[in-house]
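Some notes on the structure that comes next.
Positions are given from 1, in the same order as the sequence printed here. None of the values given here were measured: they were computed from a predicted structure.
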Amino acid sequence: MHVTPMRLLGLGAIGPSSFNNSADGWRFSADLWYALIDTMVAANLSLECTMYGVSWPADDQVPPQYINYFAGFESGADVEGFEALSVRGGNYFDFRCEVPATELDTGFREAYLVAMPKSGLTPREGQHLEVYGDEYDPSAEIARFRILIPVS
């Protein structure tokens with residue numbers, strides 16, 4: 001699938017990857033999402049929009065032990081309290097994730113360790129995307145979202 005460049009507003013930080021075999025990565029990204037939601041509510045912004053998680057390595061290890069992580073939404077205008085991030089776009093392997101909401105890491109492991117290798121596609125450096133669109137319901141027992149892995 002091809003992703004066109006887009007501009008996101010949100011919050012970003014550097015923290016542990018979820019592939020560290022500990023809960024630290026999950027907690028790191030969850031805390032950033034909670035902060036984003038709180039900031040959006042405080043700014044009177046609607047939560048009824050597609051939201052994106054964007055990650056890329058923050059170190060030279062494979063897999064990275066630390067990542068840059070950005071949680072945000074698409075916006076053409078600046079809003080006080082939010083950082084801007086340009087998503088460069090390009091070709092991506094599109095994995096549709098459907099897992100129990102309490103087991104999100106299972107979906108990421110399935111995408112990266114099973115589905116992507118089976119796809120025959122060649123990974124490339126770039127931004128990794130999570131897409132939380134209409135199919136995602138934060139109060140549902142089953143989490144439905146997409147994981148986009150950059151490929152050549």
*Kindly say whether Arg88 contributes a backbone atom to a donor-acceptor pair with the side chain of Gln127 at under 3.5 angstrom?*
yes
_Heavy-atom check, side chain of Thr106 versus side chain of Glu110, under 4.5 Å_ = no
*Taking all heavy atoms of Asp105 and all of Ser18, pick out the closest pair and write down the distance.*
OD1-CB, 3.7 Å
*Hey, are the side chains of Glu83 and Leu9 touching, using non-hydrogen atoms and a 4.5 Å cut-off?*
no
*asked:* Tell me whether Asn68 contacts the main-chain N or O of Pro57 through its side chain, where contact means a donor paired with an acceptor under 3.5 Å.
replied: yes
*Given the rule in the side chain to side chain contact (heavy atoms under 4.5 Å, CB included) test, do Ile142 and Val99 qualify, once you have shown the distances and angles that lead to the verdict?*
CA-CA 6 Å; Ile142 300 296; Val99 294; over 6 Å; no
*So, for Ala111 and Phe95, which heavy atoms are closest and what is the spacing to 0.1 Å?*
CB-CD2, 3.4 Å
_Side chain to side chain, Phe82 and Met40, heavy atoms closer than 4.5 Å_ = yes
*Nearest heavy-atom pair of Pro64 and Ser17: which atoms, and what distance?*
O-CB, 3.1 Å
_Flag, side chain of Ser119 to backbone of Leu121, donor-acceptor distance under 3.5 Å_ = yes
*Under 4.5 Å between any side-chain heavy atoms of His128 and Pro150, yes or no?*
yes
*Could you label the plane-to-plane angle of the Tyr112 and Phe108 rings as parallel, tilted or perpendicular, counting under 30° as parallel and over 60° as perpendicular?*
parallel
*Any side-chain heavy-atom pair of Leu47 and Phe73 under 4.5 Å*: no
*asked:* Between Val87 and Tyr52, is the side chain to side chain contact (heavy atoms under 4.5 Å, CB included) condition met? List the steps.
replied: CA-CA 10 Å; Val87 174; Tyr52 299 86; over 6 Å; no
_Value rounded to 0.5 Å, distance of CG in Leu36 from OG in Ser29_ = 12.5 Å
*Could you give me the CA-CA distance, side-chain angles and deciding distance for Arg146 and Tyr132, then say whether side chain to side chain contact (heavy atoms under 4.5 Å, CB included) is met?*
CA-CA 7 Å; Arg146 294 169 45 213; Tyr132 301 95; over 6 Å; no
*Rounded to the nearest 0.5 Å, how far apart are CD of Glu80 and CG of Asp78?*
10.5 Å
_Closest non-hydrogen atom pair, Ala77 against Ser75_ = O-OG, 2.9 Å
*asked:* Applying a strict under-4.5 Å side-chain criterion to I, L, V, M, F, W and Y, I'd like to know whether Ile67 and Ile14 cluster together.
replied: no
*asked:* I need the Leu11 CG to Asp31 CG distance, nearest 0.5 Å.
replied: 12.0 Å
*For the residue pair Cys97 and Phe145, establish whether any side-chain heavy-atom pair is separated by less than 4.5 Å.*
yes
*Any chance the rings of Phe28 and Trp33 have centres within less than 6.0 Å?*
no
*Is the closest side-chain heavy-atom distance between Met116 and Pro123 below 4.5 Å?*
yes
_Return the CH2 to CG distance between Trp26 and Leu104, rounded to the nearest 0.5 Å._
7.5 Å
*With a 4.5 Å heavy-atom cut-off, do Leu148 and Met1 have their side chains touching?*
yes
*asked:* Please report the interatomic distance CZ(Phe93) to OG(Ser152), rounded to the nearest 0.5 Å.
replied: 14.0 Å
*Measure from the side-chain N and O atoms of Arg144 to the backbone N and O of Glu135, and report whether any donor-acceptor pair falls under 3.5 Å.*
no
*Give a yes-or-no answer on whether the side chains of Glu130 and Tyr69 include a donor-acceptor pair shorter than 3.5 Å.*
yes
*Check Ala143 against Tyr136 and note the closest heavy-atom contact, atom names and distance.*
CB-CE1, 4.2 Å
_Distance-minimising heavy-atom pair for Arg124 and Asn91_ = NH2-O, 3.1 Å
*Roughly how far, to the nearest 0.5 Å, is the CD1 atom of Ile147 from the CD1 atom of Ile149?*
6.5 Å
